[in-house]
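One structure below.
None of these values were measured; they are calculated from a predicted model. No hydrogens, no waters, no symmetry mates; every other heavy atom, side chains included, goes into these values.
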Amino acid sequence: MMWAFVSLAMAQQLPDRFNGQVMRPSIDAQKTLWAEQSATAPDGYATFRVYTQYANGVVRDRSTAVTQRLVDDLLEFDLLGAWHWRGLRLGAHIPIYGLTTGDDATTQPGLGDIAFDVKATVLEGETDPFGAAIIARMLLPTTSVQIPLGSTGLGSEIFVAADRDIDQFTLVTNLGVRIGPQARVGDIGWDDQFFGRVAVALSGDRFGGSLEGGLQTNFASAENPAGTAAELLLAGHAKLTDLWTLRGGASTGLSTSPGSPLFRVLAGISYEPDPSPDNDRDGLVDREDGCPRDAEDPDGYEDYDGCPDASYSVQVMVTDPDGDPLEALVVLDGVESHHLDLGDRVATVHPGLYRLIAKVDGYDSYVGEVDIPAVQGHQVKVEVSPRQGQVRVWAVDEVGNRVAARFTIDGLDSQPTGGEPVTVRTGEHAIVVTADGYRAAPVSVNVAHGQTRALSVVLDRLPAAPSSRDDDE
């Protein structure tokens, strides 16, 4: 605040003083040095930059026979900072003059006009055809030097920053107006101004460069075109670490208007941490990562939380209705999928709800849901029902007469023929029919699920045993 009071007092002594330093480094652009970009960053993200620049012939007056260098040599230090809050970028620029010389001034250090601004991004370059932002800036008359490097009153700027990425290239445009106190330099009127900047930037992972042009013209330039300043800059940057970036460039003036130097060189370093860091490199930025130091294991289970997920063993037992274990093919399908082959009973899975399918030859498939808890060794037991059909057996002799006989199926449970159907598992079965005085008759039958097979088995009589009379003879 003290600087503001001092500068206001000086302004009363120098009514025609103005700020001939029209080119300011960008507060937070990552690919350019002068031109402001539209990109924003998460809330709380902050950057800081320090530049040193030297310019020669910054403000020249050619209205007289001999060109006057109102500002000849300028050694400037620029402190710039940015902080993001609620979707806005808040910025500040503090210029400090280490050395200033001019035809009508003694060498002196001092403070320049401090600027504060706010940027609001209206189009996101990553999702929209191009990026765009509106920037409003206030210029405070805080300068303490007595040459044209500061204004006599409050100033303001409002401009649009637009950019578009095309492969590795970025096109940037700034266009706006600057409002400030009026002054005169010889026959040139210095008042409100139009200004613009354009840039073409080429960027890689660690290095980048840009060609930038800046132009500003007073509203009164129609009366004297010499009031239009233009400058061309070649700039570059190199990332020293993940946090620090080296920036610099050299420019030349394209006109003789005040604000267009003969040449300028500047270099600086900036603290620019990654606005969206991913320290564990799992594809989730730290602000959205529940475990920013431990990488997510991408397995389809809660991959959105950024944390590695614990797995638990589960034993799947498939039994028949009598409780006897069966060899089954098992599928667990839920937060992830697992297949158990014949003979496998243990799977390692993430907890959650699964659809379980169990398949056993000769049995109905089991389909159901199981909830697997976060407990090691949890056992899941499911029962499958055999696929069944029925068999009904009769016995007849060679002429078709019914014979009282018995039969077995697969060697088990001998029972009389002609009775109720017998329930059997689906598939091939061996049936043997026996009766006194007849040869045993083996037959094979294939029973499908839900089918009742009726078999009429023909029995052959055994030869009659020889009588005792035949033996005597």
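- For the 3.5 Å distance criterion, the side chains of Thr170 and Asp165 qualify, holding a donor opposite an acceptor.
- Asp410 places no side-chain N or O within donor-acceptor distance of the main-chain N or O of Leu412, the cut-off being under 3.5 Å.
- Each of Asp117, Thr47, Thr40 was evaluated against Arg89; a single residue qualifies, Asp117, per the side-chain hydrogen bond (donor to acceptor under 3.5 Å, both in side chains) test.
- Within the structure, salt bridge (charged side-chain N to carboxylate O under 4.0 Å, His left out) pairs that include any residue of residues 312-327 do not occur (at least two apart or interchain).
- Listed for the Ser270 side chain is no donor-acceptor partner under 3.5 Å among the backbone atoms of Glu272.
- Ring geometry for Phe195 versus Phe159: interplanar angle over 60°, hence perpendicular rather than tilted (30 to 60°).
- Surrounding CD of Glu126 are at most 12 heavy atoms belonging to other residues, nucleotides or ligands under 6.0 Å away.
- In this structure, Asn401 places its CG atom where more than 12 heavy-atom neighbours from other residues, nucleotides or ligands lie under 6.0 Å away.
- No side-chain donor from either of Thr423 and Gln388 sits under 3.5 Å from a side-chain acceptor of the other.
- A 6.0 Å sphere centred on CZ of Arg164 holds no more than 12 heavy atoms belonging to other residues, nucleotides or ligands.
- Between the Asp128 side chain and the Gly131 main chain, no donor and acceptor come within less than 3.5 Å of each other.
- Side chains of Thr434 and Arg406: a donor-acceptor N/O pair is absent below 3.5 angstrom, by distance only.
- In this structure, the side chain of Gln53 does not engage the main chain of Phe77 through any donor-acceptor pair within 3.5 Å.
- One finds the CD1 atom of Ile114 at 13.0 Å from the CE atom of Met138 (value rounded to the nearest 0.5 Å).
- For Asp113 (side chain) and Thr142 (main-chain N/O), a donor-acceptor pair under 3.5 Å exists by modelled atom type.
- A donor-acceptor contact shorter than 3.5 Å is absent between the side chain of Arg49 and the backbone of Gly268.
- The environment of Phe194 atom CZ is sparse: at most 12 non-hydrogen atoms of other residues, nucleotides or ligands sit within 6.0 angstrom.
- Here Glu157 pairs with Arg178 in a salt bridge; the nearest charged N to carboxylate O distance falls below 4.0 Å.
- At least one side-chain heavy atom of Leu356 sits less than 4.5 Å from a side-chain heavy atom of Val316.
- Atom CG of Leu140 sits about 10.0 Å away from atom CD1 of Ile94, to the nearest 0.5 Å.
- Expressed to the nearest 0.5 Å, how far CD1 of Ile269 lies from OG1 of Thr245 amounts to 8.0 Å.
- Glu212 pairs by the salt bridge (charged side-chain N to carboxylate O under 4.0 Å, His left out) definition with nothing, not counting sequence neighbours.
- Side-chain contact, Asn174 with Glu36: no donor N or O sits under 3.5 Å from an acceptor N or O.
- Within the model, atoms CG of Leu33 and CG of Leu233 stand 5.5 Å from one another, a figure rounded to the nearest 0.5 Å.
- In the model, Gln168 has no side-chain atom that pairs as donor or acceptor with a side-chain atom of Ser203 under 3.5 Å.
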Between Leu74 and Gln21, is a side chain to side chain contact (heavy atoms under 4.5 Å, CB included) present by the stated rule, with each step listed?
CA-CA 10 Å; Leu74 170 63; Gln21 175 66 308; 3.4 Å; yes
Where do Asp28 and Lys119 land on the salt bridge (Lys or Arg N to Asp or Glu O under 4.0 Å) test, with the steps shown first?
CA-CA 10 Å; Asp28 66 345; Lys119 177 172 73 174; 3.3 Å; yes
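- Salt bridge present: Arg387 and Asp364 bring a charged side-chain N and a carboxylate O closer than 4.0 Å.
- Surrounding CD1 of Ile134 are at most 12 heavy atoms belonging to other residues, nucleotides or ligands under 6.0 Å away.
- Side chains of Gln451 and Gln390: a donor-acceptor N/O pair is absent below 3.5 angstrom, by distance only.
- Counted by atom type alone, Gln376 and His378 present zero donor-acceptor pairs between their side chains at under 3.5 Å.
- By the neighbour-count criterion of 12 heavy atoms within 6.0 Å, atom NZ of Lys359 is sparsely surrounded, having that number or fewer from other residues, nucleotides or ligands.
- Heavy-atom neighbours of Asp361 CG from other residues, nucleotides or ligands within 6.0 Å: at or below the threshold of 12.
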Does the side chain to side chain contact (heavy atoms under 4.5 Å, CB included) test come out yes or no for Arg461 and Arg439, once each step is laid out?
CA-CA 6 Å; Arg461 290 181 182 273; Arg439 297 181 187 278; over 6 Å; no
